[in-house]
Every structure is written in C-alpha cells, then in structure tokens.
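Since the structure comes first, as structure tokens, the remarks are kept for the end.
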Amino acid sequence: MGREPERAVLDLMLSGAAHAPLVAYLHGPGGIGKSSLVRYAARQAELTGRRVVHVDGRFLDADPRRLEEVAAPACTEPGTVLLIDTFEQCQPLEAWLRDIFLLRLADHAIVVVASRVAPDADWSLDPGWAQLFTALAVRPLDAAQSHALLAARGVPAEQRGAFVAFAGGSPLALSLAASVPAAAPGTPWYPTGDILTTLVERLVGDLPSAVHRRALEVVAQAYVTREPLLRKVLGDQDTNTVFPWLRQLPYIEATPEGLHPHDAVRATLEADLRWRDPERYDDVRLRISLAGLHAVRSATADDALLRVAEWMFLFRDQDGPDNLYNYRTHPHIEDTPLRSEDVPGVLRMAEEAEGPASAAAVAHWLRRQPEAFRVHRYAGSSAPVSFMAILRLDAPLPEDRAEDPVIAAVWDLVEAAAPLRPGEHLGIRRFAVQPAGTSGPHP
C-alpha cells in the first residue's frame, strides 16, 4: 500500500535503463516497510526472468567471507538481483561492500540494500558511485495510505481513526492493530499488551541497559528531548552515557530543536509503559512537566512561546485525537520577532485571511506596538507564513477604540466587570493569522 516513489525506482532498475542506478539503499526505522519493498523487488525480478539472490544480514555476523559466499551468483550470472535485508546487523561491512565486493558484480546485476541505518556519505562523495547509487529514505505512510491499508485489512471505518493515530504511519503497527478482533461498536480501541510487546521488540529491539530504557521513556513523552531535560530526569552521569546513543538510533530524528522519536515508536513506548508500569508512567510525566515549567520560567522573550508549546505537548491527549498538532507532518517553523521588512507581508496575510477591517486593525497595532508581533516562517526562509500579536494594554486610549472595535469591546467588558487597578495591565492575544490554515490547531 503506497510506496509508489520507491517502487518506481526499483522498477527503473529492473528495466535495465541506461540511467538507472546500480545500487538502491533503503533506510528507515523498524516496521516502516523496507522488507516489503525488498519482497516487491524480488517478485518483480522473478517476473522478468532475473535470478534473485536474497541475503539476510542477521546471519552474516559481519563476516565478509560469509557475504561473499552467499552472494557469489551476483558476481558470475549477468542480470542477477542481489537483495540484502536487515543490513544494520552487519553494518561494519558497508565500506567493504562498496569498495571491494560490488566492483566484482556481473554485467547488469543490480543490488537493493535495506537497513535501519542511513548510508554513509562516501557513497555520494565517491565520483565512481555518485551516479550509480541512490538512497531511499522510507517514510511513514500518510493518513490516506494508512486508512487504505486498514480498509484492505477489513477494519471498520469507525475504528480506523484510533488505529491511525496510534500507528503514526508505521505499516507494522497498523498491521498488528488490524490483527486484533474488532471491538464492539462505540467501544474505544486500545493496543493490547501482546501488540505492545511485539511492537517494542520489532520497532525498538534490544536495549543495552535499564538506563537506556528510561531515556527512551523520556523521549516518548517529551515533545523534544535535549540534554538538560534528560539531566533533570536521569542525572548527569546517565545523561552523558545515553544522549549520544539516542542520537544514533534509526527511529530518532535529530532536529535543530532536539531529538524527536518516530511517531509509532513514541506511541508504542508511551502506551507500553502506561500498561506495564502505571506508577512509573506518572512519575516520568511529572518529572518532564516540572522540567518543562522550569524551562518556561527561565526562557527569554524570544523562546517563551516555544517553551510553553513544548510543555503543553505533554497534555495533548486531553484535547481529543482530532484536535492535536502533529509536528512531524509539517516543516520546522521558526518563531521570530517582527522585522521591518515583514510588515507588507503581515498586512497582506491579514487582509487575505480576515478582510480589510482586520487588516486596518493590524496596521494600527503595527504602529502602536510592533514589539507585540511574532512572525512565523519556515526554517531557511525569510518570508512570513503566519503571525500573532500579544498586546499589552495599560489604559483604554481613544485611538485604540476608534481603530480596533474588538479592543473597544474588550475595554467595555473590563471596565464593567473588573477595572484595572494601579500597576495592572491587560494582556490579550489579539491576532493569530495563518491564511492557508484551517480552524484546527496549526504549527
């Protein structure tokens, strides 16, 4: 289900086209569908009459002689398709495979490698391999593909939403969820202990120690994990050990913000801990919440909104599955102060989203309180894509009432209900504009 871009590359290789790559390297976390693509390549190769040699990295023990032995037909029979699955189990062979073994391939032989570990940079840096090698990052299924997979498995439409929210685009998690007998109509679905045990084993694998498991429990709960958060939960010594380890995991994404787990891993680890040890689950949440509040209180003005958003992510389930912000489906968003060159774009967005009256009010507050505006843009771009304004109002001024009827109504209410006392001010988020957005939460 899905995977059209990856299948198109494999089909091109099997066609023998002159511009097709010789080696395709599939990489992604466990359960994401790499082995399914390897099986697809095998079926298509057999249909074209090519010989298929299938190698499982779990049985090679990182011994080049063993790989040489089982993959020998690819060096002697033209057109052979060599498939190497679970290559992460023998990743030390990568340089030997590239620099020695693959140079011996027979004419028109092709190779498909599948690994949880991304390929090293030497494939692309080597001029001899640059045009013959392609890396294919296997991503999670999107919502439509996930629903289609569940429909093909016979899951009732009313239950698919819960499955999709839990699985995070992981075909393995979707398939395991679909294997459970349907719940009674109206009964909420939860993953069973058997499903969680299988997913932890398949998605996460064996862990070096209890400390490493505790670190993953933090990563599963926190919006983003940086060293200070781990330090507050685990302590200095443990943090020094596990943070570098976390960064290397195939199901952990290192971003400018910090470490994010793959959605299916996050959901699985969180549900597994809640099922296996509810007291520890609550303790981890409490420690992360306290650390998040500390980060909010010590944040600079520029970082305050982001720190609040990180803390609020801990309570995302309290708002219902259809009202959540999923950071993984969006590019990274930067929250920045207003710049002078942003003003035309901000006014244009206000008129586009809310009409000329709103744009006039925005123009007024741009003159009165430019420091109240926060502008959001995609990382690496200077163009604003949304904005908000958090006004600080000390007194009801006639020009504010005249230019902004919303603020006029706010002051009428405040003066009638609870007039400001000396030293107090009114803080209000007056604008939150994203022209192409919907009524639901948005980055």
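Residues take their numbers from the sequence shown, with the count starting at 1. All of these numbers come straight from a predicted model, not from anything done at the bench.
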* To do: Tell me, yes or no, whether the heavy-atom count around His294 atom NE2, taken from other residues, nucleotides or ligands under 6.0 Å, exceeds 12.
  => no
* Structure fact -> In this structure, CZ of Arg280 is separated from CD of Glu217 (nearest 0.5 Å) by 4.5 Å
* Structure fact -> CZ (Arg214) and OG (Ser209) are apart, to the nearest 0.5 Å, by 9.0 Å
* Look at the rings of Phe313 and Tyr223 and say which category their plane angle falls in: under 30° parallel, 30 to 60° tilted, over 60° perpendicular. => perpendicular
* Glu4 side, atom CD; Asp11 side, atom CG - distance, nearest 0.5 Å -> 11.0 Å
* Just by modelled atom types, is the Asp120 backbone N or O under 3.5 Å from a matching donor or acceptor in the Glu94 side chain? -> yes
* Any donor-acceptor pair under 3.5 Å from Gln248 side chain to Trp245 backbone -> no
* Ignoring hydrogens and angles, tell me if any N or O in the side chain of Arg377 forms a donor-acceptor pair with the backbone of Ser382 under 3.5 Å. => yes
* Can you list the steps and then say if Arg307 with Glu310 is a salt bridge (charged side-chain N to carboxylate O under 4.0 Å, His left out)? -> CA-CA 5 Å; Arg307 299 289 89 83; Glu310 291 175 358; 3.0 Å; yes
* To do: With rounding to the nearest 0.5 Å, note down the distance linking CG in Leu230 to OG1 in Thr225.
  => 6.0 Å
* Asked: At what distance, to the nearest 0.5 angstrom, does CH2 of Trp311 lie from CG of Leu290?
  -> 10.5 Å
* To do: Kindly say whether Ala222 contributes a backbone atom to a donor-acceptor pair with the side chain of Arg266 at under 3.5 angstrom?
  => yes
* To do: Just say parallel, tilted or perpendicular for the rings of Trp123 and Trp129, cut-offs at 30° and 60°.
  => perpendicular
* **Exam field: side chain Ser289 to backbone Leu286, donor-acceptor pair closer than 3.5 Å** => no
* To do: Would you name the heavy atoms of Ala291 and Leu229 that are closest together and state the gap between them?
  => CB-CD1, 3.5 Å
* **Heavy-atom check, side chain of Leu338 versus side chain of Leu366, under 4.5 Å** => yes
* Asked: Think Arg7 forms a cation-pi with Tyr40, using NZ or CZ under 6.0 Å from the six-ring centre and within 45 degrees of its axis?
  -> yes
* Asked: Under 3.5 Å, side chain of Thr336 to main-chain N/O of Val375, donor-acceptor pair present?
  -> yes
* Structure fact -> CG of Leu216 to CD of Gln221, rounded to nearest 0.5 Å, is 12.0 Å
* What closest approach, in Å, do Val55 and Ala71 show between heavy atoms, and which atom pair accounts for it? -> CG2-CB, 4.5 Å
* Asked: Closest heavy-atom contact between Pro119 and Ala135?
  -> CG-CB, 3.9 Å
